[in-house]
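For reference, the structure is listed below as structure tokens.
Just so it is clear: chains get the letters A, B, ... in the order the sequence lines come, proteins before strands, and each one is counted from 1. Computation of the quantities below employed the complete heavy-atom set of this structure, encompassing side-chain atoms and omitting hydrogens, waters and symmetry-equivalent molecules.
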Amino acid sequence: MRTHTCGELSKAQLDQRVKLCGWVDTVRDHGGVIFIDLRDRYGLTQIIFDPNDSREAWDLAQSTRGEYVIQAEGTVEARPAEMANPRLATGEIEVRCDRIRILNKSRTLPFPLEGKDAEKVSEDLRLTYRYLDLRRSPMQENMRIRHRMSQAVRNYLDQADFTEVETPILTKSTPEGARDYLVPSRVVPGSFYALPQAPQQYKQLLMMAGVDRYFQIARCFRDEDLRADRQPEFTQVDIEMSFITPEDIYALIDGLIADVMKAVGKGDIQTPIPRLSYEDAMNRYGSDKPDVRFGMELVELSDIFEETEFKVFRQVVGQGGAVKAVNAKGLGGVPIRVMDEWTAVAKEWGLGGLAYIRAQDDGEWKSPIIKFFSDTEKEQLKERLAIEPGDLVFFAADQREVANKALGHLRLLAGEMAGVIDDDQFAFTWVTDFPLFEVGEGGRLISVHHPFTAAHPEDLALLETEPGRMRAQAYDIVMNGVELGGGSIRIHDPEVQSRIFEALRLPKEEIEDRFGHLIRALSFGAPPHGGIALGFDRFVMMVAGEDSIRDVIAFPKTQKAMDLMMNAPATVDAKQLRDVHIKLDLIES
RNA sequence: GGGGGCGUAGCUCAAUUGGUUAGAGUCCCAGACUGUCGAUCUGGUUGUUGCGGGUUCGAGUCCCGUCGCUCCCGCCA
């Protein structure tokens, strides 16, 4: 139907007879000559119709409207120099057409695809007519970026001798973790499959199968509430390897990220990617996913205030808590109103309040608490925080975890306000040595990563005594303050695995029922193994410079997990329900 | 489950802090125009102010409920 695409013609094809197909982007009708911008995925080409060339074609051209699909035939001509359009790749030429076929008409679109309003169209409209939204060039570009990234991942892992294996979508519900999406069984009444939250157990079983190096670009499903970076179905680059230590994972992923970033033209990533222990990340950045594009690190001050006159600080230190602060360089001039907002944020994250010092340009400190500080304390503060005129210092005094987290959030606000976060920079970091357990309600242990995670070799002995202090052989990869992925070395000893399940206080029957196959598999010569999973949608989102993964997923769902285009989920026929043995008794009408 | 924001013409937004007949740009329709590329010019059509109640002489505006979209907390091993 076409000899060329709308993106490829140039002076190289001068005087050639060509056929183009595409969508009518805009029509500029001058009464005589008519200009049409013809668009396809590859670009935009100006085609012109002159009544003197073909009255018939000119008439048809005049009847076209936006988004009509046409085929046009004509000759490639150079534009006069002053008529060239430097903003178009094809801007030096145009196609003088004497034939046109209208392949399909289009109703007026429910929203504009181009122009100043196109970027602001409400998202529910875009989602209802997603196929139209996807015609927009930013969306086309996002789909291309995603494609290039997945290709780069496949190439890299293929060259590293990985085998891509598909694992089941219809699988089994496991306790803990996210809520499962369930699929009723027709053949076994009253039984349900679950869609995988991740191919976790399958990939470990593949190691026991001797696959040695597995990967999958895997769809995962979690029935939890949505966010800008969370969809009910999402994609992971899922990786597992045998006979490895964390170092092997770091090296592999460093290389993978560098390759992928290169493939999308985002330059050279410095490898090895720097590492931070979980403890350091929390102490220095107040987050397990630190944005390391800027400084403003958290500074320890507890020792300075052990015996201070300022009661609030002294008591916190006396009770084993921490006094810490951040020097938000150059923000000394922020209005009190902002400090009030930040105080509210501080309280949301558990602080009693937010003390601060504003170092004025003349060097004088303004602060509600400074009167309590001795000269020595002030001197130590100034030195340790490197306070200069024009700086803003804010303090947190609380239990160490609370102070860290609160300052971590405030640090991000401060960095943003100071304009020190470079949107074009991509800063990766590993966070290592996560704790194995966190302590939940009633002292109950919960796996921080998942219950198959191996403990740090030195810490296994603490399992029955101080499990809360155990470190895991678990790691996250973080990009610009966003958790890109995480993984761990897995337990390969069935006895250790059983001890962990017991420590998690899972009932014996449940362990057998839900994890029996895994423990059994471990007992048949399971190799030491470990892996990682990367959140592919987030990765693409960051590279594409979007704020939501919805913009890098072709057909995403709304915050209520609805597909507005397909109108899913939806009710089904009574017969379909009978087939799967389901009766809708609990729905209140 | 909780907190915040938004909902007015096909689209993007106004509408004097309760006051006459709800406007603008754009899109769309018609006409004019042979070098535009956000074409231009002239004219025209377009409203259940998300929905349902309430207060009031009077509601886009205030109150209650509800629906939808969105951001966040909880949740997401």
Pick the [atom1] atom in [N] and in [M], then give their distance to the nearest Å.
| N | M | atom1 | result |
| --- | --- | --- | --- |
| B:rA15 | B:rC57 | C1' | 22 Å |
| B:rU20 | B:rG31 | P | 38 Å |
| B:rA9 | B:rA24 | C1' | 11 Å |
| B:rG58 | B:rA22 | C1' | 15 Å |
| B:rG10 | B:rG5 | P | 27 Å |
| B:rU46 | B:rG23 | P | 12 Å |
| B:rC62 | B:rG19 | C1' | 14 Å |
| B:rA14 | B:rG7 | C1' | 15 Å |

Specify the residues of residues 498-521 of chain A, ordered by number, for which at least one heavy atom lies under 4.0 angstrom from an atom of RNA chain B.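 Nothing qualifies; none.
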Where do A:M565 and A:Y131 come nearest, in terms of heavy atoms and distance?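 In this case the closest contact between A:M565 and A:Y131 is SD-CD2, 3.6 Å.
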Phosphate OP1/OP2 of [N]: any [X] side-chain N/O under 4.0 Å:
| X | N | result |
| --- | --- | --- |
| A:S122 | B:rU12 | yes |
| A:T558 | B:rC69 | yes |
| A:R550 | B:rC71 | yes |

What's the closest nucleotide to the [X] side chain, out of [options]?
| X | options | result |
| --- | --- | --- |
| A:E224 | B:rC75, B:rU70, B:rU12 | B:rC75 |
| A:F111 | B:rC11, B:rG68, B:rC71 | B:rC11 |
| A:K560 | B:rU70, B:rC69, B:rC75 | B:rC69 |

Spacing between [X] atom [atom1] and [N] atom [atom2], to the nearest angstrom:
| X | N | atom1 | atom2 | value |
| --- | --- | --- | --- | --- |
| A:R179 | B:rG1 | CZ | C1' | 11 Å |
| A:K120 | B:rG25 | NZ | P | 16 Å |
| A:Y68 | B:rC27 | OH | C1' | 15 Å |
| A:I446 | B:rG74 | CD1 | C1' | 14 Å |
| A:L226 | B:rC73 | CG | P | 13 Å |

Would you say the base of B:rC76 and the side-chain of A:R222 have a donor-acceptor pair closer than 3.5 Å?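 Answer no: no donor N or O sits under 3.5 Å from an acceptor.
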What's the verdict on salt bridge (charged side-chain N to carboxylate O under 4.0 Å, His left out) for A:R39 and A:E67, showing C-alpha distance, side-chain angles and the deciding distance? CA-CA 9 Å; A:R39 185 195 75 235; A:E67 299 308 304; 3.0 Å; yes
Any side-chain heavy atom of A:Y475 sitting closer than 4.5 Å to one from A:V431?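 They are not in contact (no side-chain heavy atoms under 4.5 Å apart), so the answer is no.
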Do the side-chain N and O atoms of [X] and [Y] include a donor-acceptor pair separated by under 3.5 angstrom?
| X | Y | result |
| --- | --- | --- |
| A:S488 | A:R490 | yes |
| A:D238 | A:Y214 | yes |
| A:H4 | A:Q13 | no |
| A:T26 | A:D37 | yes |
| A:Q559 | A:R230 | no |

Identify every side-chain donor-acceptor pair in residues 491-498 of chain A under 3.5 Å, counting partners at least two apart or on other chains, and give the distances.
| from | atom 1 | to | atom 2 | distance (Å) |
| --- | --- | --- | --- | --- |
| A:D493 | OD1 | A:E495 | N | 2.7 |
| A:D493 | OD1 | A:V496 | N | 3.4 |
| A:Q497 | NE2 | A:P451 | O | 2.9 |
| A:S498 | OG | A:P494 | O | 3.1 |

Upstream residue (5' side of RNA chain B) when A:M562 and A:Q200 are each assigned their closest nucleotide: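 So the residue in question is A:M562.
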Closest-nucleotide 5' rank along RNA chain B - winner of A:L109 and A:D225: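 Final value for this comparison: A:L109.
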Looking across every strand, which nucleic acid part, if any, lies under 4.0 Å from [X] by heavy atom: base, sugar-phosphate, or nothing?
| X | answer |
| --- | --- |
| A:Q559 | base |
| A:A228 | sugar-phosphate |
| A:P110 | sugar-phosphate |
| A:D117 | base |

Nearest-0.5 Å distance, OG of residue A:S173 to CD of residue A:Q197: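 Taking OG in A:S173 and CD in A:Q197, the distance rounds to 7.5 Å.
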Hey, are A:D551 and A:R126 close enough for a salt bridge, meaning a charged N less than 4.0 Å from a carboxylate O?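 Salt bridge present between A:D551 and A:R126.
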Output yes when A:D459 and A:R471 qualify as a salt bridge under the 4.0 Å nitrogen-oxygen rule, no when they do not.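 Between A:R471 and A:D459 there is a salt bridge, with a charged N closer than 4.0 Å to a carboxylate O.
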In Watson-Crick or G-U wobble terms, both distances under 3.5 Å, what is the partner of [N]?
| N | answer |
| --- | --- |
| B:rC29 | B:rG43 |
| B:rC75 | none |
| B:rC69 | B:rG5 |

Annotated protein contacts, base or backbone, on nucleotides 30-38 of chain B with a non-hydrogen cut-off under 4.0 Å, one of B, S, - each: S--BBBBBB
